[in-house]
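Right, I'll just put the structure down here and ask away after.
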Amino acid sequence: MAEKTIEIKDLVVEYRTRSGVVQALNGLSLSIEKGKTLGLVGETGAGKTTAGLAVLGLIPSPPGVIVSGEILLNGKDLRALTDKEMDQIRGDAVAMIFQDPMTSLNPVMTVGDQIAEAIKIHEGLNHGDALKKAEEMLEMVGIPRERAKEYPHQFSGGMKQRVVIAIALSCTPGLLIADEPTTALDVTIQAQVLEMMKGLKEKYEMSMLMITHDLGIVAEICDEVSVVYAGRVVEHGTLADVFDNTRHPYTEGLFNSLPNIENQAEKLKPIRGLMPDPTDLPLGCPFYPRCDHAMEICRTKKPPKVYRNETHFVECHLYNEQNIGDKEEKWR
Amino acid sequence: GCSTKNPAPSDGETVGAQNEESGGEKKDTLTVALTSEPPSLTTCDHDSIVGVYMNLLTYNGLMRVDHETLEVVPDLAESYTVENETEWTFVLKDGIKFHDGSDCTAQDVAASIEWAKTFPGSANYTRNIKTIEAVDDKTVKIVTEVPYAGLPADLAYHYNFIVPEELIESGHDFNSEPVGTGPYKFVSWQYGDSLNFVGFEEYFDAERKASIPNLVFKIIPEGTSRTIALEAGEVDFVYDVPSADVERLKSDEKFEVKEITSVENFFLGINLEKEPFNDVNVRQAINYGINREDVIAAALNGYGASNYTAIAMGYEGDTDAGAAVYDLDKAKEYLDKWGGDPSSIVLPIICSNETKVAVATVIQSNLSKLGIQVEVVSTDTATYFADWEAGNYTGLISSWSPSNSLTYVQRYHSDRALTYPGSLKDEEVDKMVRDAESTIDDTERIGKIKTIVETVNGLAPQISLYQPLMFRAYSADLGGVTASATGYVGFNDMYWK
Amino acid sequence: MIKFIIRRLLSLIPVILGVTFFVFMVMQLAPGDAAKLLLGEGATQEQVEELREEMGLNDPVIVQYVRYMVNFCKGDLGTSYATKRPVADEVFSRFPYTFNLSIVAGIVSILLAIPLGILAAVKQNTFFDNISMVISLVGVSMPIFWLALLLVLAFSLNLGWFPVQGADGWKSYVLPAISLGFMNMASIARTTRSSMLETVRQDYIRTARAKGVPKRDAIVKHAFENALIPTITVCGIQLGQLLGGSVLTETVFAWPGIGRLMVQSISSRDVPMVLGCMVVMTVCFSVVNLLVDLLYAFVDPRIKAMYS
Amino acid sequence: MSNSSSPLLEVKNLKKYFKTPKGMLHAVDDVSFTIDRGRTLGVVGESGCGKSTTGRAILRIVEPTEGEILFDGEDIRSLGKDQMRRMRTRMQIIFQDPFSSLNPRKTVSETIAEPLKLNGIITDKGKRMERVAEIMEIVGLAERLYNAYPHELDGGRRQRIGIARALALNPQFIVCDEPVSALDVSIQAQILNLMDELQEKMGLTYMFITHDLSVVHYFADDIAVMYLGRLIEKAPAKELFRNPVHPYTQALLSAIPVPSIHNQRKRILLKGEITSPVDPKPGCRFASRCPYASSRCHSEEPQLKEIAPGHFNACFLNE
Amino acid sequence: MGNTSSDLSKKYKKVSPVREVMSLLVRNKAAMAGLIFLILLVGVSLSADLLFDYESQVVEQNISERLQWPSAEHLFGTDEYGRDLLARVVHGSRLSLSVSFVSVLASLIIGGILGAVSGYYGGLLDEIIMRITDIFLAIPMTLLAMVIVAALGASTTNLIISLSLSAVPTFARIVRSSVLTVREVEYIEAAGAIGAKDGTIIFSHILPNCIGPIIVQTTLRVAAMISNTAGLSFLGLGVQAPAPEWGALLSAGRNYIRDYSYLTFIPGLAIMLTILALNLLGDGLRDALDPRLK
Ligand SMILES: Nc1ncnc2c1ncn2[C@@H]1O[C@H](COP(=O)(O)OP(=O)(O)OP(=O)(O)O)[C@@H](O)[C@H]1O
Ligand SMILES: Nc1ncnc2c1ncn2[C@@H]1O[C@H](COP(=O)(O)OP(=O)(O)OP(=O)(O)O)[C@@H](O)[C@H]1O
Ligand SMILES: [Mg+2]
Ligand SMILES: [Mg+2]
């Protein structure tokens, strides 16, 4: 088996708020092999960001609490590390890009300084050298180095996101967590940024956790996909597994909800209803209230993992080892 | 802590406990807490007690009031004679020098009083002077309009203090630099903060020459702060001690507290033009209905002497014959005599400071027993005076401390109606006042004044309330503190023990 | 930037015009005749009338105002009714005292309040946080003159550390500055705390943490400057309060400043003096606000960009 | 009522400029198009290109700077305030953000009832309530949400309220300003279906603003592409997707990520981003990013021309 | 978010926003303490007449009992006129609260209308209103109040007038800026699109949504007013004697601060606690009304 950059096992995270305990992650597991990209797909509130923050040890606390689970970075348990040791890891071994480029940069600090900061911390360079390196990073993400002296407000959204990416990449992390890095951008800009990320990832041989709700982006840059629903991975596999051999009704529903440029005629087939209240999850399968195939057992019992092949599994009562391979492959 | 030799001690080091002199060296500075900033140092340009304090330091008049006896005695004048009923001759003392080194002559005197006449504010004290001329260097002749006994007292008033003729002519600004003949020379004035004076070496009256060379006045408007400043040793002399602090200061042996019954008479002034206060019965009802003891207890912490008469007690000619006393039954009788409904009487009283408010509050409480309704209206000084002058008031609390009894009864004369509440439009009284004014002979005049007081006592044009006890609190090391019932303080008489 | 400053300074002109006009008009409502006040009691009606004519008091108010402003532009603020000295002299001789006191109080309160607020925010919900916020609340709640009196009793009288009154030497600044600045300190500390709490929730703090900046540095380097922006606003407002509060403090401490001059002038209906004091206070306050705005530009490049 | 074969909406040379400290912002610059009855015009373009402003200008929520807007043959811009208010019962708008487009202090029913009340359509309170319940049912809002506040609801439901509010007046024409872009895909599909149904049932005409090409592709009959305040290409949806002519449209289409691992398209990557619409330079506004730009493009403004029936394009390349 | 059965029970019943804010407020101990204190205070001040007779216990002097330290008979002691301090403080609460509430209310209404109009219509009107408020804001509030009281003469009414006037610009500013924020929000456009008139938009859509910062500011302003009134009383420009306004009590007691410290301490504490309570409540409301914390 290939070396795993990150491995999350049965992670349970709760936000203990005034209005109840939000069960953000309910035994989420995932792993990424070195150099690979995993797409984490799911609706709003599924717990995608929480998973990313958990790896960095940045879940806001209070109210966030990691209840149980393991987070192994290159085999090392991150949860056992002290604050200081985590500081060493953040930005160096693991870096994260956040969703909103507009608010992710400190408005009163030049972008050069913001990039240089990470370099100074992790590579021990002095300010001048760090700044020089920061300028190089800027150029690498396609921004003229002169603009290092400017402030974030002088940059457009796409450029800001590039700066955020430059920060994340400045210390060549082994794992890059990208939390919806292009959602806030226009399509043409999104294409530019994605293209750039793809190139950089290859250049640095990084592993990447791509958090997104856009299956199009997943198709474009991921190697594997995990579909998250209510804090659990309900289906996981390689792109081919998930896109062509969709098993879970939820994943199916996601695909059917998408207006597809290629074949227009069909009417959209949306998933009924809404995500369940995260403070009050159903007993059994969390997707059961919205599922067209719901059975009695779904209401009461959590579905087990059922593997279709080595890489592909679903958590759904519809399937067992016997019937899971039955469905035909279909082309999308 | 120690004193400064520097004549202008405002340089920044005079903080801390100065009065803890440990033997040897004598202090050469006296620091006095002043209640407010003098409006002006020009003699004829103000009528404020603080201003008068300052003027008394740097100036002299021909006459002065003796602090202890309250008699008017010659000051710059060696003596004076009354040639006939309207002609007075004053002869100056020898060796009087102004602060600028020049001699003070009869010409200066004449010029000063002529100058004073040009100031409208001084009218009450100069209008009886018809002419004034210097007969020679030492002699001044004054002619009055009518026989006028009040002249010496008027000349003792600060309006008529003497300044150099030369400077008057050159348009000198006496406000920013007073030049006179007084025991102290003006040094500096830090607006809002302090005034500094230094003893005048060539003062003409050797006996009354300043003994403490440096005199500093600190302006401290808050009563409590003044007391604390005294206790903390930042000032040596406080002339207006809040009554609440008196007991404590008295029991502290570091301080002396001098207690003087003032001739300043506090009274409830009533607008006699207004219904129903134009009726003597109503006024008398009020007069009998106010318990002066209560007023004194509440407003003065008991430090005062009640007064039911029409004049400040303590002057020659005062009498309580025919005066009211606190007597509710009598008050009700008067109300009955008047015949109206007491509850229809509304008496707003305007007050310009806290003490007056306190007084009015007691009156309010007292008169409510008669069914008379009192409203206490506190205003700032300017509004107070403006309303007063405009006759735009019904009642007000005011006080007055003229230098002699004649001046006091003059206020009942009807031509002072504008200025004083309580001016009676009573021909009888007018005639009596004019008669007394023109009686030069002291004894005779005082007899006449007594009659006036007796008459007015029964008319209650103004309702006297009390004469406060005044407290001067000062460092126990300070000697020579005189207690004048007029309220004046002779700083030049003081010395460090 | 220069252009901005000039524009702001120019915009002071209508403000000063407005303030003087308003105060001028309001003071007209006040009872009391300036001429009579000037002449004192005993003046005859003719004398009063003559002076009114001479002073132009018989002209329509607007004419009087215009005349005032014309002289004002020549640097002549008129003559005090009470002291008969030129208002400008008096006001400017007093102004430094108030200015110094306000500056000392302002600076001290800011220097104390900001670290206090930050510490409280960083140690949110700890004992330190609670106690410093209680102190701040007390500061906001305590009437200034009461605090001043208590301070005097405690530190001047009982301990003898500081003078009771007056304005000589640094020691005399201590108590007035505390009593004047306490309230400001409290408000500033509270604002700093809440804006700190606000900023540490921002995304860019998370970004900073994600690149490995330790918590403390993230707060000091990233949150602080951003949190400063609302704090600056409050400091600006508080300086206005300082000027207002100086009226009370100066009275208790016999401070020869402009606040007390104003109280005095108001009660003696000294209109030119009141106007003079108001103008000086207003200009001072406006200049402070201008500085505050410039400070914004200094702290926040976005605002700087707007000005240039 | 004019003849039903004429277009419902006709926009001619619409301009909307905003005065800003930096200069005149040309948000919408000389845009003309028509929408036929019962059809949907999709308007696409990048952020800031003036899509919303166009929609708002048509309803006169912002006052157009210049141009003519004929609604059902009537010149809207000549209407007075009251006439315009009456006209608004026939044209409505649905906003992008289901959070900010609902008054948080009004309950669901209040929000939906308000247009009925304000326009005096149903004055009787009881009847109005009944009608509100009816509309709620139409848009798929459960009756129990009658007195719920928006913040208690999720985005999908909120968007339904927005739709209900617009429908309450029985309008003929609705400007839909990115009504689904804030929603999750599954919810987005629910709403799109709903809007589709409503169009069929009520014969509505839509102007559908979005930046998501796959959505318009699914939803619109005609598509107009905007760039920096200008309309650069307009064609029937199928035609546009099959045969995009303008270089920008081509790039835009190629940039859409396709949720499929088989037919990934060849990307045309554009350089840079949309520039500032403040005092734009003469010439084609896309020229600075256009891979085919010639010197002519930098000096002369290409005009919208019909290159095939119903297919309009503003580019010199295809002339 | 969830569709629990409790939603059904709410059918046709509106949850009032007040209830909602209260439910959030209840969790904030400090704010609740403040609120309870204020409720008690308002209760006491409303029942002041039942507790103590104004004429005989608040105004009527009893010189023989002056300056008595707190005792069983006089819980707060007596003042220099022998009046029961408790009675005066209780009646004073009514005066102090009503002066500050009324002036805040007045300035809120005037400032609110000015601010709303100015923010909503913008343009020249806005410019004019804002320039005028600039002028007033350039004068420190205490001074402004001082000048006005001095000019109009010291009385309760004039005090209220001057306090309100001095706070109008602040409120105009606050309301304007909230209106500007809210104005840009799409539901305002939506209201226009469904044919709402300006008045409806301002009063039914904009103002209710600005209410949060306004309420917070109002509580904090009331606190500032109490403190301002006390300051004016200290300068002799406050409420007229014998009305027992707290600032006046505190200011009158200052002469006795050395020997009868309760005379300042009690009214001082009353002022302080009230301001404190208002601040706590204001802070709590700020949190409760903050949509981010919902
Ligand atoms: N700081 C927090 N306090 C309380 N609840 C939180 C907090 N952060 C997240 N949650 C809740 O945890 C759940 C998971 O949130 P998370 O942000 O991980 O979702 P997500 O999948 O990233 O959603 P999105 O696509 O909207 O970004 C949600 O129900 C969310 O409301
Ligand atoms: N009220 C306004 N004042 C000034 N400029 C405005 C105003 N409204 C819009 N603009 C500007 O007009 C241009 C077009 O804006 P518009 O909102 O129409 O764009 P859009 O295409 O809808 O963008 P988005 O996809 O971001 O909604 C933008 O540059 C915008 O900043
Ligand atoms: Mg997320
Ligand atoms: Mg838009």
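Proteins come first, then strands; the chains are lettered A, B, ... in the order of their sequence lines, and each starts at number 1.
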Rounded distance (nearest 0.5 Å) linking atom CD1 of C:Ile144 with atom CZ of E:Phe234: 10.5 Å
Test item: C:Phe145 and E:Thr264 side chains (from C-beta on) under 4.5 Å apart, heavy atoms: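 Answer no - side chains too far apart.
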Residues in residues 276-286 of chain C near chain E [non-hydrogen atoms, under 4.5 Å]: C:Met278, C:Met281, C:Thr282, C:Phe285, C:Ser286
Any C:Val19 side-chain heavy atom under 4.5 Å of E:Phe136 side chain: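 No; the side chains remain at least 4.5 Å from each other.
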Working for side-chain contact (heavy atoms from CB on, under 4.5 Å), residues E:Arg254 and C:Val252: CA-CA 11 Å; E:Arg254 74 182 189 274; C:Val252 175; over 6 Å; no
Stepwise side-chain contact (heavy atoms from CB on, under 4.5 Å) test for C:Leu150 and E:Ile257: CA-CA 9 Å; C:Leu150 292 180; E:Ile257 194 167; 4.1 Å; yes
Candidate pair C:Phe22 and E:Ile148, rule side-chain contact (heavy atoms from CB on, under 4.5 Å), full reasoning: CA-CA 10 Å; C:Phe22 175 76; E:Ile148 301 173; 4.1 Å; yes
Within 6.0 angstrom of E:Tyr262 OH, more than 12 heavy atoms from elsewhere: yes
Flag side-chain contact, heavy atom, 4.5 Å: C:Met142 against E:Ile271: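 The answer is no, as the side chains (C-beta and beyond) never meet within the 4.5 Å cut-off.
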Best-contacting candidate, E:Ser261, E:Ser251, E:Ala30, E:Gly268, against chain C by heavy atom pairs under 4.5 angstrom: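 Ranked by contacts with chain C, first place is E:Gly268.
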Among E:Asn228, E:Asp283, E:Leu250, E:Asp134, residue most engaged with chain C (heavy-atom pairs, under 4.5 Å):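 Among E:Asn228, E:Asp283, E:Leu250, E:Asp134, the one with the most close pairs to chain C is E:Leu250.
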Heavy-atom pair with the smallest gap, counting every atom of E:Gly231 and C:Leu248: O-CD2, 3.5 Å
Heavy-atom contact with chain C under 4.5 Å, split by part of E:Leu273: neither
Residue part contacting chain C, namely of E:Arg131, when any heavy atom lies under 4.5 Å: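 For E:Arg131, there is no contact with chain C at all, as no heavy atom is under 4.5 Å.
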E:Val147 side chain reached by C:Met262 side chain, heavy atoms, under 4.5 Å: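 Contact flag for C:Met262/E:Val147 side chains = yes.
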Note, E:Ile135 side chain near C:Ile16 side chain (heavy atom, < 4.5 Å): no
Which portion of E:Ala230 sits near chain C, non-hydrogen atoms under 4.5 angstrom: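 Its backbone and side chain both get close to chain C.
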Between CG on residue E:Leu276 and OG on residue C:Ser141, distance to nearest 0.5 Å: 4.0 Å
Steps toward side-chain contact (heavy atoms from CB on, under 4.5 Å) verdict (C:Trp146, E:Met272): CA-CA 10 Å; C:Trp146 188 36; E:Met272 216 174 98; 4.1 Å; yes
